[in-house]
Protein chains: 2
Amino acid sequence: MFSKTCQYGIRAILYLAVHTSEDKKLGVEQISNGLDIPKHFLAKILQQLTKHHLASSSKGRNGGFYLNTENKNSSLLKVIHAIDGSDVFSLCILGLPECSSQNPCSLHQEALKQRSAMLKILEDQDIQQIAKRIDLKHIKI
Amino acid sequence: MFSKTCQYGIRAILYLAVHTSEDKKLGVEQISNGLDIPKHFLAKILQQLTKHHLASSSKGRNGGFYLNTENKNSSLLKVIHAIDGSDVFSLCILGLPECSSQNPCSLHQEALKQRSAMLKILEDQDIQQIAKRIDLKHIKI
DNA sequence: AGATAAAAAGAGTTTTATATCTTATTTAAA
DNA sequence: TTTAAATAAGATATAAAACTCTTTTTATCT
Ligand code: FES
Ligand code: FES
């Protein structure tokens with residue numbers, strides 16, 4: 001469903017949502033240790049997310065990555081779109097060139113039902129909310 | 001969701017279900033033309049499916065690939081398992097080492113709901129049924 | 001000002017997925 | 001019995017994804 005890069009990106013964002021703020025930043029190394037993700041690879045992903053204004057960073061001493069309020073009000077869908085592109089949920093699940101209810105494949109109806117449900121979850125709740133849930137219910141990141 | 005190999009495999013099986021039988025076989029070339037799938041690649045996939053007894057083949061003149069009755073009574077889930085392995089629907093969607101309701105990630109509940117629905121569709125209806133639906137409703141393969 | 005610690009950027013490597021090519025084997029028709 | 005047509009098998013090639021390494025830039029602390 002999601003590329004490994006995207007999985008890493010989502011987890012990194014959630015980790016930042018739980019552990020950082022404007023004045024509590026984390027270096028790549030700490031994040032990569034916390035999530036068990038290859039350090040340099042994670043660095044690339046975080047850079048990409050920062051460019052898309054889904055995470056924030058500051059260079060130099062005491063610098064690091066973090067989520068500001070705006071970042072925390074964003075959604076996981078945006079993270080997914082930034083990494084895997086905006087087609088993930090609109091391409092035919094069987095790889096056919098078109099995907100529409102007018103011209104469906106044999107799994108279209110079922111795929112559509114599920115993807116809309118997943119999409120709703122991913123765009124309706126903001127990252128802040130998910131972070132709160134993670135904290136309260138001790139959910140893994 | 002599915003690898004390209006798996007998408008090709010599913011489509012090939014459905015194509016065979018609609019167009020072949022014990023005494024109406026098709027060569028790789030015809031199938032690859034019909035589905036617009038690279039010929040040699042498709043050959044590999046069909047060999048794999050034949051080994052798993054999900055398709056049938058006969059060599060030599062007038063040979064080709066086809067589905068016998070048993071093949072048509074199988075399910076798409078078996079096809080998927082034969083190609084992408086049996087973990088597709090049981091691994092954590094975020095790539096975490098475990099996936100269970102006891103130890104869920106932040107998307108587990110939603111992912112589970114959807115995967116069970118998809119699984120049900122994929123194992124409950126047999127290939128024959130899907131083929132009939134394709135035929136009646138002029139669905140793409 | 002200089003040293004240091006961090007992200008940013010870019011180049012390079014490895015691994016996996018996808019695709020192709022070549023040769024062998026099998027079967028049936030001519 | 002020879003030839004043609006098909007799958008089977010194995011080796012190779014290409015492309016994309018995953019991962020690593022090195023250098024540059026920037027900010028902060030001493
Ligand atoms: S046409 Fe295949 S999923 Fe929509
Ligand atoms: S734990 Fe992540 S999907 Fe089940």
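All of these numbers come straight from a predicted model, not from anything done at the bench. Lettering follows sequence order; numbering is per chain, from 1.
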Side-chain N,O (B/Tyr8) to OP1/OP2 (C/dT18) below 4.0 Å: no

Give the rounded distance in Å between these two atoms: CD1 of B/Ile83 and P of C/dA17. 13 Å

Residues from residues 10-39 of chain A sitting under 4.0 Å of DNA chain C, heavy atoms only? A/Leu26, A/Gly27, A/Val28

Spacing between B/His40 atom NE2 and D/dA8 atom P, to the nearest angstrom: 15 Å

Heavy-atom donor-acceptor pair, B/Lys44 side-chain to D/dA9 base, under 3.5 Å: yes

Do B/Asn71 and B/Ile13 come close enough that some side-chain heavy atom pair is under 4.5 Å? no

Round to a whole Å and report the spacing from NZ of A/Lys4 to C1' of D/dA16. 15 Å

In whole angstrom, what separates B/Gln7's CD from C/dA19's P? 10 Å

Which of residues 47-65 of chain B have a heavy atom under 4.0 Å from DNA chain C? B/Lys59, B/Gly60, B/Arg61, B/Asn62

Would you tell me if any nitrogen or oxygen in the side chain of B/Thr5 comes within less than 4.0 Å of OP1 or OP2 on C/dT18? yes

Separation of C/dA9 P from A/Leu46 CG (nearest whole Å): 13 Å

Hey, is the main chain of A/Leu67 close enough, under 3.5 Å, to the side chain of A/Thr20 for a donor-acceptor pair? yes

